[in-house]
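Data first, discussion second: the structure below is written as structure tokens.
What you see below is based on every heavy atom in this structure, not just the backbone, and it leaves out hydrogens, waters and symmetry mates. Every chain is numbered from 1 and lettered A, B, ... according to where its sequence line falls, protein lines coming before strand lines.
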Amino acid sequence: MRLAEVVATSAVVASTRSRKAKVAALAQALARAEPDEIETVTAYLSGALRQRRVGVGWRSLMELPEPAGSPSLGVAEVHDRLEEISRFTGAGSQAARSAAVAELFGRATAEEQSWLRGAITGELRQGASDALVQDAVAAAAGVTVAQVRRAAMFAGATLPVAVAALSGGAAALAEFRLQVGRPVLPMLASSAPDLDGAWEKLGGGRAPLAVDHKLDGIRIQAHKDGDRVLLVTRSLEDITDRLPDVVAVVRALPAERVVLDGEALALGPDGRPRPFQETASLTSTGATAAAAVPRPGAITPYFFDLLLRDDADLLDAPASERWRHLEELVPTAQRVPRLLTDDAEAARAFLAGAIAAGQEGVVVKSTDAPYAAGRRGSAWVKVKPVHTLDLVVLAVERGSGRRRGWLSNIHLGARDPETGGFVMLGKTFKGMTDEMLAWQTERFEELATERDDWVVHVRPEQVVEIAFDGIQRSTRYPGGVALRFARVLRYRDDKTAGEADTIDTVRSFLTAG
DNA sequence: GTTCGGATCTC
DNA sequence: ATCGTAG
DNA sequence: CTACGATGAGATCCGAAC
């Protein structure tokens with residue numbers, strides 16, 4: 001198949017908001033793919049490449065060669081070229097990479113160039129990605145969407161499933177099942193503003209619910225097959241070599257085969273969790289580096305679910321049954337603290353205990369739900385305490401895409417009583433309704449002092465109430481601290497900038513946790 | 001050898 | 001990661 | 001209820017420039 005066909009399909013998909021029309025266009029293109037191109041075409045229709053990383057980003061694609069007059073690129077050839085580009089390493093690799101990129105783009109038409117750029121940077125914005133392509137695979141192969149999704153959950157990816165569906169139909173899809181050593185997409189949680197909200201979402205405690213500590217580390221899925229251990233992250237990246245401590249724990253479990261879900265984090269000498277930054281740092285340096293450098297604490301795993309034990313596939317079993325196996329197999333010290341209760345009061349106390357222990361919050365779980373891999377199901381509801389501050393807007397960035405024409409991303413400052421000025425702490429674009437965007441665009445145009453292509457600086461007069469999850473140490477911002485997951489709650493016209501929170505108040509969150 | 005920018009991963 | 005919008 | 005899109009901070013790794 002020619003790349004031009006994919007590009008034309010992408011244009012059709014982007015031009016309509018109707019999901020049915022998007023799926024129909026994607027299915028038509030899929031049906032035209034040659035058997036040996038199905039993986040590439042499926043990936044490209046979802047706007048993704050098959051390479052996990054190419055080593056080329058938006059910056060390298062700012063300047064492109066003259067586009068070709070007519071299309072000539074084939075889909076398979078593009079994939080081969082990108083594979084070569086992704087493999088360059090060592091001195092001179094950047095030059096070789098950029099020469100190869102120029103060569104590839106020089107053979108693309110203007111439309112193909114812009115599609116390629118979008119696919120490489122992940123900013124195609126055609127309003128369809130994996131989920132709609134799965135629908136299209138089902139339509140093109142004459143199978144149900146549920147069959148495709150189920151297979152994709154076991155495969156941890158859509159591409160092999162597309163190949164199976166289009167070449168072998170429903171029978172081929174039925175071959176996919178949970179296997180040790182083959183990562184599945186992790187189940188995700190929805191969220192609630194507080195414990196009562198979570199309680200209500202899960203039926204108000206008519207049946208007992210589980211309340212798990214929510215640990216602030218990185219998600220790990222552990223596979224054990226005899227002595228062999230595989231650890232993957234939430235995005236299914238293999239991190240086995242970076243977590244030798246966790247590998248040892250998993251290898252020692254008294255089962256031949258096991259698949260576990262959990263969280264790994266760094267502990268201090270006092271047994272309390274270290275800040276997330278430390279966990280991230282320790283898990284991203286390799287095993288040798290970590291062993292060579294004195295560490296304040298090892299990376300410790302805490303498991304909260306068990307998907308497979310020896311020959312029992314427990315994905316569809318009720319949570320209570322999975323947890324029973326988990327408790328039999330994994331020592332308490334390596335399990336996430338959990339309370340089973342039908343009493344909201346007890347659950348609130350458990351949440352308070354989690355916070356006091358330095359954890360992030362809790363996840364409330366139904367005891368009878370199956371493990372819904374890859375879905376943000378309603379069977380798990382997370383609750384994290386929210387902090388708020390009244391900050392001052394220092395500047396605004398121009399929006400793009402859907403927010404083009406609006407002033408969107410605001411720069412946030414805290415008051416500095418010593419200088420009488422303001423210290424920047426971060427930015428946010430979250431929590432703004434279209435109505436707020438319209439209002440703030442007008443407001444900040446009024447307050448504008450200087451403007452460039454991207455940023456409009458404003459007089460520091462507008463106070464905004466910001467919600468956030470916590471404070472991190474920062475080398476980027478002058479105050480030495482930054483907000484984690486800041487979002488706008490509301491603009492405050494009842495407060496002046498002189499009444500905004502101070503940088504000292506912000507810093508006090510660092511020690512208070 | 002040190003510093004800086006880009007890419008890619010975590011949350 | 002969070003959040004708002006649209007289907 | 002689900003999927004999508006617009007974007008946040010920090011850390012490391014690698015290569016290039018100084």
Mind checking the P distance from B/dC11 to D/dT7? Whole angstroms is fine.
-> 23 Å
Should A/Arg403 and A/Met432 count as side-chain neighbours, where that means a heavy-atom distance under 4.5 Å?
-> yes
Are A/Met187 and A/Leu315 side-chain neighbours, meaning at least one heavy-atom pair lies under 4.5 Å?
-> no
What's the closest nucleotide to the side chain of [X] if the choices are [options]?
{"X": "A/Arg19", "options": "D/dG8, B/dC9, D/dA3", "result": "D/dA3"}
{"X": "A/Tyr477", "options": "D/dG8, D/dA9, D/dG10", "result": "D/dA9"}
{"X": "A/Gln94", "options": "D/dG15, B/dC11, D/dG8", "result": "D/dG15"}
{"X": "A/Glu237", "options": "B/dT10, D/dT12, D/dG15", "result": "B/dT10"}
{"X": "A/Gln277", "options": "B/dC11, B/dC9, D/dA11", "result": "D/dA11"}
{"X": "A/Gln472", "options": "D/dA9, C/dT2, D/dT7", "result": "D/dA9"}
{"X": "A/Arg476", "options": "D/dT7, D/dG10, C/dT5", "result": "D/dG10"}
{"X": "A/Ile218", "options": "D/dC4, B/dC11, C/dT2", "result": "B/dC11"}
{"X": "A/Leu132", "options": "B/dT10, C/dG7, D/dC4", "result": "D/dC4"}
{"X": "A/Arg53", "options": "B/dT8, B/dC11, C/dG7", "result": "B/dT8"}

Just checking, A/Lys214 and A/Phe304: is the charged tip under 6.0 Å from the six-membered ring centre and within 45° of the axis?
-> no
[N] OP1/OP2 closer than 4.0 Å to side-chain N/O of [X]:
{"X": "A/Ser284", "N": "B/dT10", "answer": "no"}
{"X": "A/Lys22", "N": "D/dA3", "answer": "no"}
{"X": "A/Thr279", "N": "B/dC11", "answer": "no"}
{"X": "A/Ser281", "N": "D/dG10", "answer": "no"}

Between [atom2] on [N] and [atom1] on [X], what's the gap in Å once rounded to a whole number?
{"X": "A/Leu124", "N": "D/dC4", "atom1": "CG", "atom2": "C1'", "answer": "13 Å"}
{"X": "A/Leu185", "N": "D/dA3", "atom1": "CG", "atom2": "C1'", "answer": "15 Å"}
{"X": "A/Phe468", "N": "D/dG10", "atom1": "CZ", "atom2": "C1'", "answer": "17 Å"}
{"X": "A/Met62", "N": "B/dA7", "atom1": "CE", "atom2": "C1'", "answer": "15 Å"}
{"X": "A/Met436", "N": "C/dC3", "atom1": "CE", "atom2": "P", "answer": "12 Å"}
{"X": "A/Lys427", "N": "D/dA9", "atom1": "NZ", "atom2": "P", "answer": "6 Å"}
{"X": "A/Arg402", "N": "C/dC3", "atom1": "CZ", "atom2": "P", "answer": "17 Å"}
{"X": "A/Leu282", "N": "B/dT10", "atom1": "CG", "atom2": "C1'", "answer": "13 Å"}

Select base, sugar-phosphate, or nothing to describe what [X] touches, counting heavy atoms under 4.0 Å on all strands.
{"X": "A/Thr89", "value": "sugar-phosphate"}
{"X": "A/Ser408", "value": "sugar-phosphate"}
{"X": "A/Ser93", "value": "sugar-phosphate"}
{"X": "A/Ser191", "value": "nothing"}
{"X": "A/Ala486", "value": "nothing"}
{"X": "A/Lys382", "value": "sugar-phosphate"}
{"X": "A/Thr428", "value": "nothing"}
{"X": "A/Val56", "value": "sugar-phosphate"}
{"X": "A/Lys214", "value": "nothing"}
{"X": "A/Ala128", "value": "sugar-phosphate"}
{"X": "A/Gln126", "value": "sugar-phosphate"}
{"X": "A/Ala280", "value": "nothing"}

Chi angles and distances behind the salt bridge (Lys or Arg N to Asp or Glu O under 4.0 Å) call for A/Glu84, A/Arg87 | CA-CA 5 Å; A/Glu84 280 170 28; A/Arg87 288 184 193 282; over 6 Å; no
Position toward the 5' end of DNA chain B (nearest nucleotide), A/Arg52 or A/Arg59 = A/Arg59
Quick one: sort the A/Trp439 and A/Phe444 rings into parallel, tilted or perpendicular, breaks at 30° and 60°.
-> perpendicular
Are the charged groups of A/Lys201 and A/Asp196 less than 4.0 angstrom apart, N to O?
-> no
Side-chain ion pair, A/Arg149 and A/Asp135, N-O less than 4.0 Å = yes
Note: for A/Phe485 and A/Met432 on DNA chain C, the residue whose nearest nucleotide lies more 5' is A/Phe485
Checking A/Lys22 side chain against A/Gln126 main chain: does a donor-acceptor pair fall under 3.5 Å?
-> yes
